[in-house]
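See structure below.
Here the structure is a predicted model, which is why all the values come from computation and not from measurement. Below, chain A is the first sequence line, B the second, and so on; all start at residue 1.
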Amino acid sequence: MRLSRFFLPILKETPKEAEIASHRLMLRAGMMRQEGAGIYALLPLGLRVLNKICAIIREEQNRAGAIELLMPTIQSAELWRESGRYDDYGKEMLRIKDRHDREMLFGPTNEEMITEIFRAYVRSYRDLPLNLYHLQWKFRDEVRPRFGLMRGREFLMKDAYSFDVDAAGARHAYNRMFVAYLRTFARMGLRSIPMVADTGPIGGNLSHEFIVLANTGESEVFCHRDYLDFEVPGEGVNFDDRMELQGLVDGWTSLYAATSEKHDCEAFRGLPQDRQVSARGIEVGHIFYFGTKYSEPMRAVVAGPDGAEHPVHMGSYGIGPTRLIGALIEAFHDDDGIKWPEAVAPFSVAILNLKQGATDTDAACEQLYRALSAKGVDVLYDDTEGRPGAKFATADLIGVPWQVLVGPKGLAEGKVELKRRSTGARELLTPADALARLTA
RNA sequence: CGGAGUGUGGCUCAGCCUGGUAGAGCACCUCGUUCGGGACGAGGGGGUCGCAGGUUCAAAUCCUGCCACUCCGACCA
């Protein structure tokens, strides 16, 4: 992508409403625009990051055996009356009426709808286990949205729903998602810690929140320091192997880890002093097992091996991709801007033409740009008329992991400068070597 | 939902107390000089001061109502 043809509305000054780093940087880097309280438009740069995040989520959901579908944002009140949640959910739910005065709502979650879909088709335990997920916009009418995308009212959510014939099967489904979540966040460069959680209005009795530690996190969390060094399950995990998964989950739940709502001071103080981590964290995922809470009232039943009908055991598993954008920035930034991990970076490489219009720099940049593009590298070529200083500042701000600085000074010696955004490390290389390095 | 604030050009803000022809910096356009860490000079365009009433000869400024947004708290993925 040529910057001269891209849409990247950088802000030099910080909009006053932005209190925390991720909010401030997303506005400054031209990633999003606020359209209302807790409602944001994602601009091209922000969308690129969101798409990368979603791609990783999809890969790991699919790997764990979940199947993607897509449910609507608008639901009927009738469905929610079946589960009893229409009256329970409160003002957080955005209720609307259509032209026929039918009561509708903008979905804050999809348990009812997925249960309705399930019960319409699935009759036999032989069709289980089943885990269906989608990535869809949700709306929760928060009393007080804040922190930009971290706590907006409209937000994207990956929500998966598992169906099993019994509690043991549901536990396996839960473990699949548990391990998938560890992998998902790790691939984005984030260390997530599963913490015992409150189940809230979704209900159930087995639940973990996946927390990323960050100073600006909204929740107070407590955990054993060893979790910071735990090994994340690799690609080779066999998600069909119940014992293997249970072993992994047992390991990852063996030490103390809880959010403030579930905090047990005494247990925590029992840890060795140097193992106690008391910090703030951002909830990036939440998984629940809630048994037959919905399947019973909504009559989602299957015939078991015994020929009798059994309500299915369900769980639901959420990840907030839009919130993850914020969490990632909280985790990876400095005074100059964002430092994207490569897996989620909007572009992998930025080429900075330090003297646009000069024959040699133009030629060197064009050649690099074409070569990188041909190799499938996501490259942003700053071919604008700006001065070098402004280009450095922009590149640092938007946080592209690698910068190739092409200027007359270096080219005089046949070199370009390769800069790593995360560390600031620089190296003088020939264009060919730089290309080789970036496509290795 | 309680409390506290803020709405003036795309952004950051001054002006409001003490009413009298709407300002600055940045951004934008033109020209010139610059060109390896957010350049400089000259010229230029852009705002019915959140909305609606009211007071007044006169309202960005005073009064009333409404709306939007932000922050603290309670709440929450």
Heavy-atom count around E103(A) CD within 6.0 Å, excluding the residue itself: above 12? yes

Applying a 3.5 Å limit to both distances, which nucleotide forms a Watson-Crick or G-U wobble pair with rG10(B)? rC26(B)

Taking a pair as Watson-Crick or G-U wobble with both distances under 3.5 Å, which nucleotide is matched to rG19(B)? none

Name of the residue among E111(A), E112(A), E116(A) meeting side chain to side chain donor-acceptor pair (under 3.5 Å) with S83(A): E112(A)

Can you classify the ring geometry of Y369(A) versus Y381(A) as parallel (below 30°), tilted (30 to 60°) or perpendicular (above 60°)? tilted

Which part of the nucleic acid does E19(A) contact within heavy-atom distance under 4.0 Å: base, sugar-phosphate only, or nothing? sugar-phosphate

To the side chain of E142(A), which of rC76(B), rG38(B), rG36(B) is closest? rC76(B)

Apply the side-chain contact (heavy atoms from CB on, under 4.5 Å) test between I338(A) and each candidate in I398(A), L397(A), I329(A); give the one that qualifies. I329(A)

Roughly how many Å apart are rA4(B) and rU48(B), using the P atom of each and rounding to a whole number? 33 Å

Non-neighbouring partners of R24(A) that pass side-chain hydrogen bond (donor to acceptor under 3.5 Å, both in side chains), sequence neighbours left out: none

Can you tell me how far C1' in rG38(B) sits from the matching atom in rC26(B), rounded to whole Å? 11 Å

Passing candidate, salt bridge (charged side-chain N to carboxylate O under 4.0 Å, His left out) with D396(A), options K419(A), R420(A), K339(A): K419(A)

Out of rA39(B), rG38(B), rG36(B), whichever nucleotide has its closest atom nearest the side chain of K12(A): rG38(B)

Contacts to RNA chain B from residues 147-155 of chain A, heavy-atom cutoff under 4.0 Å, which residues? R151(A), G152(A), F155(A)

Base paired to rG5(B) (Watson-Crick or G-U; both N/O distances under 3.5 angstrom): rC69(B)

Which whole-number value in Å describes the distance from E385(A) CD to rA39(B) P? 15 Å

In whole angstrom, give me the gap between the C1' atoms of rA14(B) and rA24(B). 7 Å

Can you see if the side chain of R387(A) gets near the phosphate of rA39(B) - specifically, an N or O under 4.0 Å from OP1 or OP2? yes

Do F178(A) and W252(A) make the cut of ring centroids closer than 6.0 angstrom? no

Using a 4.0 Å heavy-atom cut-off, does L405(A) contact any base of the nucleic acid, only the sugar-phosphate backbone, or nothing at all? base

Rounding to an integer number of angstrom, what distance separates rC1(B) and rA39(B) when you compare their P atoms? 48 Å

Suppose we screen for side-chain contact (heavy atoms from CB on, under 4.5 Å). Which residues come up paired with L70(A), at least two apart in sequence or across chains? H134(A), Q136(A)

Pairing partner of rC62(B), by Watson-Crick or G-U wobble and under 3.5 Å for both distances, is rG54(B)

Around atom CZ of R33(A), are there more than 12 heavy atoms of other residues, nucleotides or ligands at under 6.0 Å? no

Between F6(A) and F347(A), does the ring centroid distance fall short of 6.0 Å? yes

Nearest-Å distance once atom C1' is located in both rA68(B) and rG50(B): 7 Å

Against the side chain of L354(A), the closest entry in rG36(B), rC26(B), rC76(B) is rG36(B)

Pairwise C1' distance, rC49(B) and rA60(B) [rounded to whole Å]: 4 Å

Rounding to an integer number of angstrom, what distance separates rA27(B) and rC11(B) when you compare their C1' atoms? 7 Å

Need to verify one output field. Residue with the more 5' nearest nucleotide on RNA chain B, V143(A) or Q403(A)? V143(A)

Taking any strand in view, what nucleotide pairs with rA74(B) in a Watson-Crick or G-U wobble way, both distances under 3.5 Å? none

Nucleic acid contacts of residues 27-55 of chain A, taken as heavy-atom distances under 4.0 Å to RNA chain B: R28(A), Q34(A), G36(A), A37(A)

pair_partner(rC40(B)), Watson-Crick or wobble, both distances < 3.5 Å, evaluates to rG32(B)

Which one, rU12(B), rC35(B), rC1(B), comes nearest to the side chain of P15(A)? rU12(B)

Just compare rC35(B), rG36(B), rG38(B) and give me whichever is closest to any side-chain atom of A393(A). rG38(B)

For Q367(A), is the CD atom crowded, meaning more than 12 foreign heavy atoms sit under 6.0 Å from it? no

Closest listed nucleotide, where the reference is the side chain of E92(A) and the choices are rG38(B), rC76(B), rG36(B): rC76(B)

Residue whose nearest RNA chain B nucleotide is more 5′ - G320(A) or G389(A): G389(A)

Aromatic ring centroids of Y289(A) and Y174(A) under 6.0 Å? no

At less than 3.5 Å, do the side-chain atoms of R144(A) and the base atoms of rG3(B) form a donor-acceptor pair? no

Using a cut-off of less than 4.0 Å, is there contact between a side-chain N or O of K391(A) and OP1 or OP2 of rG37(B)? no

Show me the donor-acceptor pairs within less than 3.5 Å that the side chains of residues 56-65 of chain A make with the rest of the protein, sequence neighbours left out.
residue	atom	partner	partner atom	Å
R58(A)	NE	E68(A)	OE1	2.9
R58(A)	NE	E68(A)	OE2	3.0
R58(A)	NH2	E68(A)	OE2	3.0
E59(A)	OE1	R187(A)	NH1	2.9
E59(A)	OE1	R187(A)	NH2	2.9
E60(A)	OE1	R63(A)	NE	2.9
E60(A)	OE1	R183(A)	NE	2.9
E60(A)	OE2	R63(A)	NE	3.4
E60(A)	OE2	R63(A)	NH2	3.0
E60(A)	OE2	R183(A)	NH2	3.0
E60(A)	OE2	R187(A)	NH1	2.8
Q61(A)	OE1	K158(A)	NZ	3.1
N62(A)	OD1	Y133(A)	OH	2.8
N62(A)	ND2	R58(A)	O	3.2

Under 3.5 Å on both distances, the Watson-Crick or G-U partner of rG45(B): none

For rG7(B) and rU30(B), measure between their P atoms and round to the nearest Å. 34 Å

N or O in side chain of R146(A) less than 4.0 angstrom from rG73(B) OP1/OP2: yes

Can you check side chain to side chain contact (heavy atoms under 4.5 Å, CB included) on L27(A) and M32(A), steps first, answer last? CA-CA 6 Å; L27(A) 292 171; M32(A) 67 173 186; 4.3 Å; yes

For RNA chain B, the residues among residues 327-348 of chain A that have a non-hydrogen atom under 4.0 Å from it: none

